[in-house]
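Note that the structure is predicted; figures quoted are calculated from it, not measured. Numbers here simply count residues along the sequence, with the first being 1.
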Amino acid sequence: MTVFAGSGSELASLIQYERDALEFVRSVLFNQSEAAARLEIDLSAARNEDGSLRGDVRLLMVGVASGDEAVRSALSRLRPLAFSAAFKLQDMIVEWVLRANGSTAWRFQAKIQEYERMKRTARLCEPPGFVNRGALSDTFWALYSALARFRNKIIHKGSFSVLGTTLTIADGPDILQLTDAEQGAYIRALCLLADGLMSSAIPDASVFIIENDLHQLSSIHNVTGLNQRPVRLASITATGTGRAVEDGRLEATIDFDEIRRCAEKSFPIVGGIVLFDLRLIIRVGIRQATWAFPVGAAPTGVVQIVEGNSRFEPYRAAEALQ
């Protein structure tokens, strides 16, 4: 199996300016953040009347301060430049991938043709973030191919307008209209994708967000198979009382499905999915053991968790191992 030759550090050096600029734009203009709302659960506390767990929700308020409205208004007038910066970010990812495959293509159309040739002849070696994610990879390239000519109209022809929050770009008789939500989706998807490609691993939570954002742009790229479920991110701390086994280790019986149901009830999202990391703290007297499960790693069902169990030891929190 051929190993992808591009390095994350090389990509980072190529995209640093655009990535930093777009992070500011998306947080202020589009009010985007992947910060997780927090949920604290006391597994030993009294239950609700229906027997379900009680959760203490601590929402993180994300948004611009009133003093930043002037900044948001100014940024809104720069939507064509924000779109161009996002496309430039995508273009540099394209170039990074093609260079790793031996291509020296420079113009947009030549890069598109090189990709299509490598794809057709099964000679394209993709970065780890795209491997086994066919719909995501196909969408990335289809979107690049569809947007290239419109990006040129902004830079070289000035064939664009901004009416309210909608960006319109004309290429002869062909019109591209991007709503505020679509502009934000394009920028966030590219930013999170770039972050994942630089680190050689796209987190599961980011994959859901990226695919959901790219699905909003389906009328442009026409690729099917993407995740369509909106995502809510949460960070859960669950604390409970355990017991000591004969050799002194701590153990407890935990219903992880019950924790998940509490999260879904605390953070309702119509037609969507709640993704959470889980910090589980088990106490016996003055001793405690802690496990930290990243998004998607928490077990399901009723599980007996115990110190030293090889299944769960990779998730032991550092302070619990001291």
| request: Give the intermediate values and the outcome of side chain to side chain donor-acceptor pair (under 3.5 Å) for residues S137 and E126. | output: CA-CA 9 Å; S137 173; E126 297 196 279; 2.4 Å; yes
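- Q177 has its side chain out of reach of I169: every pair of non-hydrogen atoms, C-beta onward, lies at least 4.5 Å apart.
- T237 and E40 form no side-chain donor-acceptor contact under 3.5 Å, judged by distance and modelled atom types alone.
- S200 approaches P128 most closely through the heavy-atom pair O-CB, 3.6 Å.
- For R47, the CZ atom is densely surrounded, since the number of other residues' heavy atoms within 6.0 Å is greater than 12.
- Across L250, I282, V306, T253, a single residue satisfies side-chain contact (heavy atoms from CB on, under 4.5 Å) together with R243, and that is T253.
- Within a 6.0 Å radius of CG in N132, no more than 12 heavy atoms belonging to other residues, nucleotides or ligands are found.
- Classification of the F256-F293 ring pair by plane angle, with boundaries at 30° and 60°, yields perpendicular.
- Between K111 and E114 there is no salt bridge, since no side-chain nitrogen of the basic residue lies less than 4.0 Å from a carboxylate oxygen of the acidic one.
- Atoms OG and CZ, on S84 and F160 in that order, are 8.0 Å from each other to the nearest 0.5 Å.
- Of the charged side-chain nitrogens involved, at least one lies within less than 4.0 Å of a carboxylate oxygen, so that E264 and R260 count as a salt-bridged pair.
- Shortest non-hydrogen contact noted between S7 and W96 is O-NE1, 3.1 Å.
- F83 and Y186 have tilted rings, their planes meeting at an angle from 30° to 60° on a 0 to 90° scale.
- In terms of heavy atoms, G242 sits closest to V284 at C-CG2, 3.3 Å.
- The shortest heavy-atom contact between P268 and R232 is O-NH1, 4.4 Å.
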| side-chain contact (heavy atoms from CB on, under 4.5 Å) assessment of R188 paired with I210 | CA-CA 7 Å; R188 178 168 56 188; I210 292 167; over 6 Å; no
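- Between D138 and K119, at least one side-chain N (NZ, or NE/NH1/NH2) sits under 4.0 Å from a carboxylate O, which counts as a salt bridge.
- A189 approaches L214 most closely through the heavy-atom pair CB-CD2, 3.8 Å.
- Under a 3.5 Å cut-off, the side chain of S218 and the backbone N or O of H215 do form a donor-acceptor pair.
- Under a 3.5 Å cut-off, the side chain of E313 and the backbone N or O of G308 do form a donor-acceptor pair.
- Using a 4.5 Å cut-off between side-chain heavy atoms of Ile, Leu, Val, Met, Phe, Trp and Tyr, with links allowed through other members, Y17 and I93 fall into different hydrophobic clusters.
- At a cut-off of 3.5 Å, with distance as the only test, no side-chain donor of N101 or S103 sits close to an acceptor on the other residue.
- Atoms CG and CD, on L193 and E211 in that order, are 10.5 Å from each other to the nearest 0.5 Å.
- A heavy-atom distance below 4.5 Å is not found between the side chains of I154 and F87.
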| request: Before giving the answer on side-chain contact (heavy atoms from CB on, under 4.5 Å), spell out for N309 and Q304 the whole-Å C-alpha distance, their side-chain angles and the decisive distance to 0.1 Å. | output: CA-CA 10 Å; N309 185 309; Q304 181 173 299; over 6 Å; no
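- Both F30 and L190 belong to a common hydrophobic cluster when Ile, Leu, Val, Met, Phe, Trp and Tyr are linked at side-chain heavy-atom distances under 4.5 angstrom.
- Counting heavy atoms from C-beta outward, I41 and R54 have side chains that stay 4.5 Å or more apart.
- A side-chain contact (heavy atoms from CB on, under 4.5 Å) with L280 is found for one member of L43, T290, T239 and no other, namely L43.
- For the atom pair CG of L29 and CG of L75, the computed distance is 5.5 Å after rounding to the nearest 0.5 Å.
- Using bins of under 30°, 30° to 60° and over 60° for the plane-to-plane angle, the ring pair F140/F130 lands in the tilted bin.
- The environment of CD in E116 is crowded: more than 12 heavy-atom neighbours from other residues, nucleotides or ligands sit within 6.0 Å.
- Counting only distance, with no hydrogens or angles, the side chain of D255 and the backbone of E258 share a donor-acceptor pair below 3.5 Å.
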| request: I would like to know whether I254 and V302 meet side-chain contact (heavy atoms from CB on, under 4.5 Å); could you show each step before the answer? | output: CA-CA 6 Å; I254 304 296; V302 178; over 6 Å; no
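- Salt bridge present: E307 and R287 bring a charged side-chain N and a carboxylate O closer than 4.0 Å.
- In this structure, the side chain of D171 does not engage the main chain of R149 through any donor-acceptor pair within 3.5 Å.
- Formation of a donor-acceptor pair under 3.5 Å by the N227 side chain with backbone atoms of F208 is found in this model.
- The shortest side-chain heavy-atom distance between T139 and L217 does not fall under the 4.5 Å cut-off.
- Here the side chains of I112 and R117 are not in contact, with every heavy-atom distance at 4.5 Å or above.
- Under the 4.5 Å side-chain contact rule for hydrophobic residues, V223 and L136 do not share a cluster.
- Hydrophobic cluster membership is shared by F150 and V162, with clusters built from Ile, Leu, Val, Met, Phe, Trp and Tyr side chains linked at under 4.5 angstrom.
- For the atom pair CD1 of I187 and CD of E23, the computed distance is 11.0 Å after rounding to the nearest 0.5 Å.
- What you find for C191 and L22 is that their closest heavy atoms are SG-CB, 3.7 Å.
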| said: Is there a side chain to side chain donor-acceptor pair (under 3.5 Å) between T179 and T166? Walk through the geometry before answering. | reply: CA-CA 5 Å; T179 64; T166 298; over 6 Å; no
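- R38 has no carboxylate O lying under 4.0 Å from a charged side-chain N of D277, or vice versa, which leaves the two without a salt bridge.
- Using a distance-only test at 3.5 Å, with no hydrogens or angles considered, a donor-acceptor pair links the side chain of S266 to the main chain of C262.
- Once rounded to the nearest 0.5 Å, the distance linking CG of L147 with NE2 of H221 reads 9.5 Å.
- For the pair R283/S44, no side-chain contact is recorded, criterion being any heavy-atom separation below 4.5 Å from C-beta on.
- With a 4.5 Å cut-off on side-chain heavy atoms, T168 and I175 count as touching.
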| Given M198 and I15, is the side-chain contact (heavy atoms from CB on, under 4.5 Å) satisfied, shown in steps? | CA-CA 10 Å; M198 284 187 290; I15 67 175; 3.8 Å; yes
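- Of the possible polar contacts, none joining the S76 side chain to the R72 backbone as a donor-acceptor pair under 3.5 Å is found.
- The main-chain N or O of A105 is found under 3.5 Å from a side-chain atom of R99 such that the two form a donor-acceptor pair.
- Between the CD atom of E34 and the CG atom of L275 there is a distance of 12.0 Å, given to the nearest 0.5 Å.
- Using modelled atom types, no side-chain atom of E95 and backbone atom of D91 make a donor-acceptor pair closer than 3.5 Å.
- Contact annotation: the side chain of F276 approaches that of L278 to within less than 4.5 Å [non-hydrogen atoms, C-beta and beyond].
- A donor-acceptor distance shorter than 3.5 angstrom exists from the side chain of S199 to the backbone of D195, with no hydrogens or angles considered.
- I259 and I269 fall within the same hydrophobic cluster, defined by Ile, Leu, Val, Met, Phe, Trp and Tyr side-chain heavy atoms under 4.5 Å apart, directly or through other members.
- Checked against the 6.0 Å centroid criterion, the rings of Y115 and W141 qualify as a close aromatic pair.
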